Amino acid sequence: MAQRAPNKNLVAQLVNQLKSKEFRQYLMSTHFWGPVANWGIPLAAIADFKKEPKFISGKMTLALTLYSCVFMRFAWKVQPRNMLLFACHFTNATAQTIQGVRFIKYEFLEKKNTA
């Protein structure tokens with residue numbers, strides 16, 4: 001099966017958009033850099049999946065889950081919508097929920113069975 005060459009018009013449109021004043025302004029705004037800086041939280045939670053659950057703080061996991069849920073709503077309601085911020089907090093809420101399940105299993109199921 002032969003691969004199709006990218007549509008030159010589409011590529012030109014993308015390049016023109018990336019060169020636009022609006023895109024440069026977006027790259028220099030808190031609408032962009034806030035979420036970029038925030039990505040450290042979900043990345044740290046994902047990295048912690050490999051660690052033992054005895055190190056998970058249940059209170060902090062719950063706080064970070066609720067925090068991300070609040071900011072997902074904010075990212076959706078703010079105009080213009082900040083989908084980068086929404087994606088960051090959606091990822092964090094998911095990662096924190098997984099950590100919360102690991103914490104509950106360890107604290108309430110595994111510890112109980114070993115006692």
Side-chain angles (χ1 to χ4, degrees):
M1 180 181 282
Q3 288 185 342
R4 290 178 53 196
N7 187 339
K8 289 182 182 179
N9 192 26
L10 183 62
V11 173
Q13 286 176 339
L14 180 61
V15 169
N16 285 337
Q17 187 165 357
L18 292 175
K19 289 181 178 180
S20 71
K21 181 180 178 182
E22 291 81 16
F23 186 74
R24 286 193 311 270
Q25 286 177 334
Y26 172 69
L27 287 180
M28 296 301 160
S29 71
T30 56
H31 215 69
F32 174 76
W33 287 107
V36 168
N38 231 355
W39 271 100
I41 299 169
L43 293 175
I46 292 167
D48 286 347
F49 289 169
K50 295 178 182 175
K51 295 182 181 175
E52 291 192 36
K54 68 181 179 182
F55 298 113
I56 299 172
S57 166
K59 291 178 184 178
M60 182 56 78
T61 300
L62 178 62
L64 285 169
T65 304
L66 296 175
Y67 157 80
S68 281
C69 289
V70 168
F71 274 92
M72 270 194 295
R73 183 181 186 282
F74 170 79
W76 188 259
K77 292 290 186 177
V78 70
Q79 291 299 321
R81 284 191 175 140
N82 193 334
M83 296 309 289
L84 187 57
L85 184 64
F86 184 87
C88 172
H89 284 293
F90 179 82
T91 303
N92 190 46
T94 303
Q96 296 300 335
T97 300
I98 291 168
Q99 290 292 70
V101 169
R102 290 180 68 221
F103 173 79
I104 290 168
K105 279 183 177 178
Y106 176 77
E107 286 291 321
F108 299 107
L109 301 176
E110 291 177 15
K111 269 189 171 180
K112 193 176 190 179
N113 291 339
T114 58

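Scope of the values below: all heavy atoms of this structure, side chains included, with no hydrogens, waters or symmetry mates. Treat the numbers as computed from the prediction; the structure is a model and nothing was measured.
- Counting Ile, Leu, Val, Met, Phe, Trp and Tyr side chains that sit under 4.5 Å apart, directly or through other members, Y106 stands alone, with no cluster partners.
- The minimum heavy-atom distance between P42 and A95, with the atom names listed, is O-CB, 4.5 Å.
- Among all heavy-atom pairs drawn from M72 and H89, the shortest one is CG-CB, 3.6 Å.
- Within the 4.5 Å cutoff, the side chain of L10 has heavy atoms near those of the Q13 side chain.
- Classification of the F103-F108 ring pair by plane angle, with boundaries at 30° and 60°, yields perpendicular.
- Between Y26 and F23, the ring planes lie tilted relative to each other; the angle falls in the 30° to 60° range.
- Residues V78 and F86 are members of separate hydrophobic clusters, defined by side-chain heavy-atom contacts under 4.5 angstrom among Ile, Leu, Val, Met, Phe, Trp and Tyr.
- Put simply, OG1 on T91 and CD1 on I41 are 12.0 Å apart, with the number rounded to the nearest 0.5 Å.
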message: Using side-chain contact (heavy atoms from CB on, under 4.5 Å), reason through L84 and W39 one step at a time and then give a plain yes or no.
response: CA-CA 10 Å; L84 187 57; W39 271 100; 4.0 Å; yes

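- Shown here for A93 and T65, the closest heavy-atom pair between the two residues is O-CG2, 4.5 Å.
- Hydrophobic clustering, with ILVMFWY side chains joined whenever heavy atoms are under 4.5 angstrom apart, keeps F49 apart from V101.
- Taking CZ of F74 as the reference point, atom OG of S68 lies at 13.5 Å (rounded to 0.5 Å).
- Summarising the geometry of N92 relative to L64, their closest heavy-atom pair is ND2-O, 3.7 Å, with the distance given to 0.1 Å.
- Cluster membership check: F55 does not share its hydrophobic cluster with L62, using side-chain heavy-atom separations under 4.5 Å among Ile, Leu, Val, Met, Phe, Trp and Tyr.
- Within 6.0 Å of CZ in F90 there are 12 or fewer heavy atoms belonging to other residues, nucleotides or ligands.
- In the hydrophobic clustering of ILVMFWY residues, with side-chain heavy atoms under 4.5 Å counting as a link, I56 and L43 come out apart.
- Of the possible donor and acceptor atoms, one in the side chain of H31 sits under 3.5 Å from a partner among the backbone N and O of P80.
- Rounding to the nearest 0.5 angstrom, the gap separating the CD atom in Q96 from the CD1 atom in I46 is 9.5 Å.
- Closest approach of D48 to Q99, counting heavy atoms only: CB-NE2, 3.3 Å.
- Under the 4.5 Å side-chain criterion, counting only non-hydrogen atoms from C-beta, L85 is in contact with N38.
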